[in-house]
Amino acid sequence: MYKPTAVVTGGAGFLGSHLCDRLLAEGFKVICVDNLITGNINNISHLSGNENFSFVKHDITNYIFLPGRIDYILHFASPASPIDYLKLPIQTLKVGSLGTHKVLGLAKEKKARMLLASTSEVYGDPSVHPQTEDYWGNVNPIGPRGVYDEAKRFAEAMTMAYHRYHGVETRIVRIFNTYGPRMRLDDGRVLPAFVGQALRGEDLTVFGDGSQTRSFCFVSDLVDGIYKLLLSNETNPVNIGNPAEITIQQFAEEIIKLTGAKTKIIYKELPEDDPKIRQPNIEKAKKVLGWMPKVDRSEGLKITLEYFKKVITP
Ligand code: UDP
């Protein structure tokens, strides 16, 4: 039986590797493309020897040559944590712009459907709450987060241009904060930061006064939403995330309780342009995809904690 072929750029990253797993489980052939600057080969090492899986080490800002038929491209290559894109500002801008252009060129050539991983960062520090897909955002183009936010906004624009002008089949997911196994302990994101600190017996570093909010989605829910979007007919952006909103102060308290750490919370300076509030409105995903998150935070955090306990060096 014919197996559809999917390319996952950034396939050795946190989200990309979970997508590779899901696509293989659904009967796809998967080609993972990653330059491994923030991805990690360990995330896909369990797939070596799988005849339906292959790995190509490549920087997609350069021309992508892949022989044979390709049916789907899921474009997940990009540094994606604030620490990573502060360390890699030019690569972040290049992969969102030049990389997305190359991926769309490949999709056009192969007549493949391309799904772009976009982000809640396109909404910036939002003045509409919860964020709906028709909100255009409040982004500082020259701030430290601008390299990521503007790259993804450009990527959305480029994707829609290829869709409208070249008739390429495209999908755009706006991903909100997601957590789960295979997150990098050193990526600077709040969850690995807090869990790492708690497990090492260090104080938890809350930035600002901790009143800023985020809404955390477990990775299996996110992947499920993305898979449904890939197979849907929706060409405009769709938010995927878990609307359960929490302050960062409450989140730190939850992690201390969950880990049983004998540590306290200390306060550090709030990074520039750190969004004050963030919560997805997921009415569109519910209606169009019949999707909603199933894993609540207490369950998801338990699974994630078990993973971090295994990888952490005490
Ligand atoms: N944060 C924090 N302490 C940390 C790391 C992050 O208080 O050690 C805060 C950060 O300022 C932000 C929130 O946690 O308000 C989420 O940060 P993250 O880097 O995970 O992602 P963001 O949602 O900002 O892209």
Do other residues, nucleotides or ligands put more than 12 heavy atoms under 6.0 Å from Tyr2 OH?
yes
Atom NZ of Lys94 with >12 non-hydrogen neighbours under 6.0 angstrom:
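Counting neighbours around NZ of Lys94, 12 or fewer heavy atoms of other residues, nucleotides or ligands fall under 6.0 Å, so no.
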Using 4.0 Å as the upper bound for N to carboxylate O, is an ion pair formed by [Y] and [X]?
{"X": "Glu150", "Y": "Arg153", "value": "yes"}
{"X": "Asp84", "Y": "Arg189", "value": "no"}
{"X": "Arg145", "Y": "Glu121", "value": "yes"}
{"X": "Lys257", "Y": "Glu254", "value": "no"}

Classify the angle between the aromatic ring planes of Phe28 and Tyr227 as parallel (below 30°), tilted (30 to 60°) or perpendicular (above 60°).
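Rings of Phe28 and Tyr227: perpendicular, over 60°.
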Taking atom types as modelled and ignoring hydrogens, do the side chains of [X] and [Y] form a donor-acceptor contact shorter than 3.5 angstrom?
{"X": "Arg278", "Y": "Asn177", "value": "yes"}
{"X": "Gln197", "Y": "Thr205", "value": "yes"}
{"X": "Glu169", "Y": "Tyr72", "value": "no"}

Could you check whether any side-chain heavy atom of Phe154 comes within less than 4.5 Å of a side-chain heavy atom of Thr100, counting everything from C-beta outward?
no
Candidate pair Asp187 and Ile83, rule side-chain contact (heavy atoms from CB on, under 4.5 Å), full reasoning
CA-CA 6 Å; Asp187 79 358; Ile83 291 279; over 6 Å; no
